[in-house]
Amino acid sequence: MKQDIELCLVLWHWHFTVAIHKTGLVNRAPIVAKCDRKRVLSSWVPYCCSTVPEEFQVEFSSVRHLSPRQFVEKLSQELKVRGVVAGENYRFGYKAAGDALELVKLCEVYGMEAYIIKSVMDKNRCSADMNFVSNSKEKGQVSSTRVREAFAVGDMSYVSELLGRPHRLILMATDQERFSSEQHKISAPRSCTLNLAPKEGLYEKCSLLLDEANVVQCRVVIDSKFVHIETDYGGLSDIFGSQNLQFLHIEFGDSCT
């Protein structure tokens with residue numbers, strides 16, 4: 001949402017959570033790890049009146065049955081929302097019955113401001129490049145679907161272009177799944193990933209962020225079972241042993257597999 005909006009109140013980013021086992025939906029890895037969302041939201045400060053948006057999560061099952069009017073009423077009366085920002089293709093309410101135009105009308109009824117922003121278009125690539133021909137909703141706009149397609153073909157340069165930032169993959173070790181290290185290499189089971197990883201392959205120009213001041217240039221090799229982080233720096237096992245790392249943060253550069 002990189003547009004200047006004169007709404008300098010408390011800014012909330014709404015995120016609907018879904019209970020996968022109750023809906024039967026496929027459990028997909030998020031593009032941004034839950035533990036990394038605050039960092040990403042903080043990057044929106046220049047576009048949000050120098051304010052870091054906070055995230056407010058709503059269980060989707062608690063609102064999925066609401067009509068468009070009931071949904072906006074809930075925002076106004078129960079959640080005390082003063083204004084909303086939505087894209088021009090936004091749909092809401094039971095069976096997506098409401099659109100952006102109806103949102104504006106209902107917000108006026110309930111005394112809320114409504115800002116509808118135009119879709120951010122991908123001006124550099126056509127839909128056919130990313131196999132979107134079969135998707136009737138695809139008109140060249142930047143979307144999570146388009147981002148996931150870029151991941152699927154391993155084009156991390158394009159992922160960075162769509163996101164407006166390098167993608168950061170986060171892995172977490174557990175008692176059952178641990179990291180292993182050598183002097184020039186760290187390996188982690190793919191089950192340790194907390195968010196979306198690109199397809200199997202070799203990725204150059206990556207960075208391993210051990211902490212805020214300790215960044216190591218690396219290559220990343222992803223296979224069917226592991227994520228391998230390879231570097232010319234020879235002290236990985238020493239750092240790994242001294243810090244007892246539970247998390248690995250990998251930032252992908254502009255490379256394709």
**Request:** Could you tell me the separation between the OG atom of Ser76 and the CG atom of Leu106, rounded to the nearest 0.5 Å?
**Result:** 11.0 Å

**Message:** When you group the ILVMFWY residues by side-chain heavy-atom contacts below 4.5 Å and let the links chain together, are Val72 and Leu101 in the same group?
**Reply:** no

**Request:** Taking the side chain as every heavy atom from C-beta outward, state whether Leu103 and Tyr90 have any atom pair closer than 4.5 Å.
**Result:** yes

**Message:** Do Lys199 and Val153 have side chains that approach each other closer than 4.5 Å (heavy atoms only, starting at C-beta)?
**Reply:** no

Anything under 3.5 Å between a donor and an acceptor, one on a side chain of residues 222-232, the other on a protein residue two or more places apart or in another chain? List them.
unit_1: Asp223; atom_1: OD1; unit_2: Lys225; atom_2: N; d: 2.9
unit_1: Asp223; atom_1: OD1; unit_2: Phe226; atom_2: N; d: 2.5
unit_1: Asp223; atom_1: OD2; unit_2: His228; atom_2: NE2; d: 3.1
unit_1: His228; atom_1: ND1; unit_2: Ser187; atom_2: OG; d: 2.6
unit_1: Thr231; atom_1: OG1; unit_2: Gln217; atom_2: O; d: 2.8
unit_1: Thr231; atom_1: OG1; unit_2: Tyr233; atom_2: N; d: 3.1

**Message:** Side-chain heavy atoms nearer than 4.5 Å, only ILVMFWY residues, links allowed to pass through others: does that put Leu202 and Leu171 together?
**Reply:** no

**Asked** Is Met172 reachable from Ile250 through a run of I, L, V, M, F, W or Y residues, each pair having side-chain heavy atoms under 4.5 Å apart?
**Response** no

**Request:** Is it possible for you to say whether Leu66 and Phe60 belong to one hydrophobic cluster, with membership spreading through side-chain heavy-atom contacts below 4.5 Å?
**Result:** yes

**Prompt:** After noting the C-alpha distance and the side-chain angles of Glu55 and Arg37, does the key distance pass the salt bridge (Lys or Arg N to Asp or Glu O under 4.0 Å) rule?
**Reply:** CA-CA 9 Å; Glu55 188 167 52; Arg37 295 179 71 89; 2.6 Å; yes

**Prompt:** So do Leu208 and Leu248 actually touch side chain to side chain, heavy atoms under 4.5 Å?
**Reply:** yes

**Prompt:** Are any side-chain N or O atoms of Asn195 and backbone N or O atoms of Arg168, one a donor and one an acceptor, separated by less than 3.5 Å?
**Reply:** yes

**Asked** Are side-chain heavy atoms of Ser119 and Asn89 found at a separation under 4.5 Å?
**Response** yes

**Message:** Consider side-chain contact (heavy atoms from CB on, under 4.5 Å). Of Val147, Asp155, Val120, which one does Leu162 pass it with?
**Reply:** Val147

**Prompt:** Going from CG on Leu75 to NZ on Lys80, what distance comes out if it is rounded to the nearest 0.5 angstrom?
**Reply:** 12.0 Å

**Val221-Val159 co-clustered via ILVMFWY side chain contacts under 4.5 Å** = no

**Complete:** In short, Pro68 meets Gly98 closest at the heavy-atom pair CG-N, 3.6 Å

**Asked** Hey, does the side chain of Ser160 reach the backbone of Met156 with a donor-acceptor pair shorter than 3.5 angstrom?
**Response** yes

**Message:** With rounding to the nearest 0.5 angstrom, report the SG to CD distance, Cys107 to Glu102.
**Reply:** 10.5 Å

**Request:** Determine, step by step, whether Glu59 and Arg64 satisfy the side chain to side chain contact (heavy atoms under 4.5 Å, CB included) criterion, reporting the C-alpha distance in whole Å, the side-chain angles of both residues, the deciding distance to 0.1 Å, and the verdict.
**Result:** CA-CA 9 Å; Glu59 175 59 52; Arg64 65 181 302 182; over 6 Å; no

**Prompt:** Tyr94: which other cluster members, linking ILVMFWY side chains closer than 4.5 Å, directly or transitively?
**Reply:** none

**Message:** Just checking Glu88: does its CD atom have more than 12 heavy atoms from other residues, nucleotides or ligands closer to it than 6.0 angstrom?
**Reply:** yes

**Asked** Can you list the steps and then say if Lys205 with Asp254 is a salt bridge (Lys or Arg N to Asp or Glu O under 4.0 Å)?
**Response** CA-CA 7 Å; Lys205 303 177 183 178; Asp254 294 336; over 6 Å; no

**Prompt:** With a 4.5 Å limit on heavy-atom distance, are the side chains of Arg146 and Ser143 in contact?
**Reply:** yes

**Prompt:** Has the side chain of Gln70 got a donor or acceptor atom that lies under 3.5 Å from a matching backbone atom of Ser67?
**Reply:** yes

**Complete:** When rounded to the nearest 0.5 Å, the distance separating CG of Leu196 from CD1 of Ile31 is 6.5 Å

**Prompt:** Roughly how far, to the nearest 0.5 Å, is CZ of Arg178 from OG1 of Thr174?
**Reply:** 7.5 Å

**Request:** Show your reasoning for whether side chain to side chain contact (heavy atoms under 4.5 Å, CB included) applies to Glu54 and Phe56.
**Result:** CA-CA 7 Å; Glu54 297 186 51; Phe56 187 80; over 6 Å; no

**Request:** Taking the side chain as every heavy atom from C-beta outward, state whether Val84 and Phe92 have any pair of such atoms under 4.5 Å apart.
**Result:** no

**Asked** Side chain of Lys38, backbone of Cys35: donor and acceptor closer than 3.5 Å?
**Response** no

**Request:** Would you mind reporting whether Lys185 and Arg219 have side-chain heavy atoms less than 4.5 Å apart?
**Result:** no

**Prompt:** Is the His167 ring parallel, tilted or perpendicular to the Phe151 ring (thresholds 30°, 60°)?
**Reply:** perpendicular

**Message:** Under a 3.5 Å distance rule, please check whether Thr193 uses its side chain to pair with a backbone N or O of Ser191 as donor and acceptor.
**Reply:** no

**Message:** To check you understand the geometry: which heavy-atom pair defines the closest contact between Ala188 and Phe179, and what is its length?
**Reply:** CB-CD2, 3.4 Å

**For the student: nearest non-hydrogen atoms of Val52 and Ser42, plus distance** = CG1-CA, 3.9 Å

**Request:** Please name the pair of heavy atoms, one in Trp44 and one in Val40, separated by the smallest distance, quoted to 0.1 Å.
**Result:** CD1-O, 3.5 Å

**Message:** Would you say that Tyr158 contacts Leu163 through its side chain, given a criterion of any heavy-atom pair below 4.5 Å between the two side chains?
**Reply:** no

**Request:** Test Tyr110 against Val81 for side chain to side chain contact (heavy atoms under 4.5 Å, CB included), laying out the working first.
**Result:** CA-CA 10 Å; Tyr110 286 93; Val81 172; over 6 Å; no

